[in-house]
Amino acid sequence: MKITFIADTHHYSKTLGTQGKAYELRSGSDQKCLAETGDIIDSAFSQIAESDTDAVFILGDVSNDGERISHIEFREKLYELKKSKPVYIITATHDWCCDGNPRRFSGDEVFSDVEVMKSGELPEFYGDFGPKQAVDSFITKIGTVCYTVDLGESVRVLCLNDDKNENDHAGFTEECWQWIESQIKKAKDDGCLLIGIEHHLIMPNISPLFAVGSTCVANREKVASRFADAGLRYMFVGHSHMQGTSRFTSEKGNTITQINVGSLCGYPAPIVEVTVNGTGSIAYEVNHLITVKINGEEKDAAAFLAEHSANVINRVLECETKSEFAEKLTALQMNGKKAAALWPAAKPILHKLNTVTAYELYKFLKFFGLAGKIPKSCALKFRDKLVKEFIDEVFLSVLDGSLHPKDRDGDYYRLVMSVVLTLVGLKKDEKMTDKVFEAFDNILTGGQINNQRAII
């Protein structure tokens with residue numbers, strides 16, 4: 001059996017605005033696309049429809065921010081895909097606008113008068129894509145649904161909505177936990193391989209340094225342990241927009257593997273294909289959207305999305321004025337007004353980062369006596385490569401799960417790691433230095449588990 005997993009489509013209706021300064025600031029601050037989501041989803045669904053997969057699962061945040069019109073448009077796309085493949089979805093916080101601030105854009109203005117879907121409406125609205133096919137289900141305290149669905153006689157998928165625990169953080173109430181554990185036991189009793197899906201992560205992808213805010217469920221180790229000790233072996237998640245595979249072992253010695261699926265509408269547009277083996281193990285391979293038609297023009301999907309994602313950083317580096325600097329940082333949900341006060345110092349640094357080469361940076365650090373751990377031979381090998389290019393490549397590697405892994409003995413790895421550790425070492429915090437080393441090692445090499453293909 002073959003199963004396809006995609007995540008975080010974040011469909012945005014073009015009726016909400018695609019032009020003007022306000023829209024450009026919003027679009028330019030996001031790693032994933034906005035106005036182009038409809039075209040990307042259509043291209044991806046066409047590619048999936050022509051594949052030999054047996055079922056498709058979408059791991060939440062299917063709409064941009066819960067806008068009713070975005071949901072209506074997205075559901076039409078689901079019905080079209082369903083003509084070729086069975087489709088199942090879970091919803092997540094973006095599907096009911098959990099921050100209470102839906103937005104549309106016109107000129108320089110942002111408006112919040114957008115009709116949104118309520119959480120309790122989602123199970124019925126998407127009933128044809130999982131809830132109505134469920135063998136069992138549970139309605140959460142906010143009206144969303146968890147359910148199980150059978151794929152044939154021996155494979156079952158546990159589809160979970162983890163928007164709220166008893167403390168209104170990502171996770172599950174105790175009542176929901178009781179239902180989950182009963183479903184895990186029932187699958188075992190029925191002789192079914194059980195695969196879990198939810199939106200939020202149950203363990204950090206890459207490093208705990210990246211587990212900020214609500215990236216993971218609350219009390220993540222307790223949650224991961226409870227899943228593992230109940231007997232669940234596999235969990236597919238979305239939310240972080242990063243591709244990666246992690247493994248967690250509880251104190252009782254039970255292991256669960258998490259496959260974090262990146263956003264379909266951001267680089268590298270991952271489409272995860274899973275093969276269920278007769279031995280009870282599963283094999284996954286991360287494929288990608290190949291081409292995308294944007295306004296009728298066919299483009300290389302990887303190149304188009306990589307440029308859009310990298311521009312999140314590049315747009316800040318290219319700031320020319322104090323007001324532009326403040327606006328772009330505000331769009332990135334930072335304190336733009338406070339940062340504006342630093343503009344006189346930030347301007348030359350940003351300009352230098354935008355133009356400096358690897359060897360020029362090496363000489364700069366050497367001048368201040370900070371290049372002792374940086375191999376000169378590596379800096380010379382990349383003497384004409386812009387530092388900005390390294391920044392872009394590392395950022396994209398975070399998103400694609402080290403699609404192009406670096407050799408730990410190679411010059412690229414040695415140069416990047418030595419510069420990063422030199423800069424972090426200025427704080428003289430050994431614990432932080434160790435954490436940064438682990439994070440960047442995982443980013444550059446892909447870590448211990450192959451993020452692109454493996455049998456687990």
Side-chain angles (χ1 to χ4, degrees), residues 5-16 26 30 32-34 37-38 40-41 44-45 56-79 81-82 87-104 112 114-134 137-147 149 157-165 168-173 176 197-201 213-217 236-241 260-266:
F5 294 91
I6 58 176
D8 294 87
T9 51
H10 284 277
H11 177 57
Y12 175 86
S13 172
K14 290 182 180 180
T15 64
L16 300 170
R26 170 67 182 86
D30 203 325
K32 58 179 173 53
C33 292
L34 205 61
T37 53
I40 294 169
I41 293 165
F45 282 7
V56 182
F57 286 83
I58 306 177
L59 308 178
D61 279 358
V62 298
S63 73
N64 175 60
D65 208 7
E67 310 94 347
R68 186 173 295 275
I69 183 60
S70 296
H71 278 298
I72 290 170
E73 292 177 0
F74 182 72
R75 188 173 65 172
E76 288 303 310
K77 298 178 188 299
L78 291 179
Y79 277 122
L81 178 58
K82 193 178 181 182
V87 186
Y88 308 91
I89 78 165
I90 56 173
T91 58
T93 50
H94 270 270
D95 297 320
W96 49 275
C97 193
C98 68
D99 65 0
N101 184 32
R103 288 164 287 175
R104 64 178 178 89
S112 297
V114 181
E115 184 181 3
V116 297
M117 194 79 72
K118 296 178 181 178
S119 57
E121 296 179 85
L122 294 168
E124 177 63 26
F125 186 83
Y126 287 111
D128 290 336
F129 304 97
K132 291 182 180 178
Q133 294 77 40
S137 62
F138 176 89
I139 299 299
T140 72
K141 69 176 185 177
I142 60 171
T144 53
V145 64
C146 301
Y147 64 94
V149 64
V157 182
L158 178 64
C159 306
L160 302 176
N161 179 282
D162 61 6
D163 289 347
K164 295 285 186 181
N165 64 10
D168 287 342
H169 298 130
F172 310 98
T173 63
C176 188
I197 67 171
E198 65 177 79
H199 184 66
H200 294 87
L201 283 67
S214 61
T215 302
C216 297
V217 295
F236 285 78
V237 300
H239 189 56
S240 76
H241 300 181
N260 189 184
V261 182
S263 172
L264 180 70
C265 289

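Count residues from 1 along the sequence.
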Quiz item: Between Val237 and Leu59, what is the shortest heavy-atom contact and its length?
Solution: O-CD1, 3.5 Å
Exercise. Establish, yes or no, whether a centroid distance under 6.0 Å links the rings of His94 and His199.
Key: no
Practice problem: Could you tell me which non-hydrogen atom of Val114 sits nearest to which non-hydrogen atom of Glu67, and how far apart they are? | Solution: CG1-CG, 3.7 Å
Quiz item: If you take all heavy atoms of Asp168 and Lys141, which pair is closest and at what distance?
Solution: OD1-NZ, 2.9 Å
Practice problem: Give a yes or no answer on whether the side chain of Asp162 reaches the backbone of His200 with a donor-acceptor pair at less than 3.5 Å. | Solution: yes
Compile the donor-acceptor pairs under 3.5 Å between side chains in residues 96-103 and protein atoms, sequence neighbours left out, one pair per line.
from   : atom 1 : to     : atom 2 : distance (Å)
Trp96  : NE1    : Asp163 : OD2    : 2.8
Asp99  : OD1    : Asn101 : N      : 3.0
Asn101 : OD1    : Ser112 : OG     : 2.9

Practice problem: Please list, chain by chain and in numerical order, all residues satisfying salt bridge (charged side-chain N to carboxylate O under 4.0 Å, His left out) with Lys118, sequence neighbours excluded. | Solution: none
Quiz item: Just how far is it from atom CG of Asp65 to atom OG of Ser63, taken to the nearest 0.5 Å?
Solution: 7.0 Å
Quiz item: Does a side-chain N-to-carboxylate-O contact under 4.0 Å join Asp61 and Lys32?
Solution: no
Practice problem: Indicate the atoms forming the closest heavy-atom contact of Ile89 with Tyr147, along with that distance. | Solution: O-OH, 2.9 Å
Self-check item: Tyr88 ring center near Phe57 ring center (under 6.0 Å)
Solution: yes
Practice problem: Applying salt bridge (charged side-chain N to carboxylate O under 4.0 Å, His left out), name anything that partners Glu115, two or more places apart in sequence or on another chain. | Solution: Arg68
Quiz prompt | Spatial distance of atom CZ (Phe138) from atom CZ (Phe172) [nearest 0.5 Å] | solution = 10.5 Å
Exercise. Would you sort out whether Thr9 and Thr37 count as a side chain to side chain contact (heavy atoms under 4.5 Å, CB included), showing the intermediate values?
Key: CA-CA 7 Å; Thr9 51; Thr37 53; over 6 Å; no
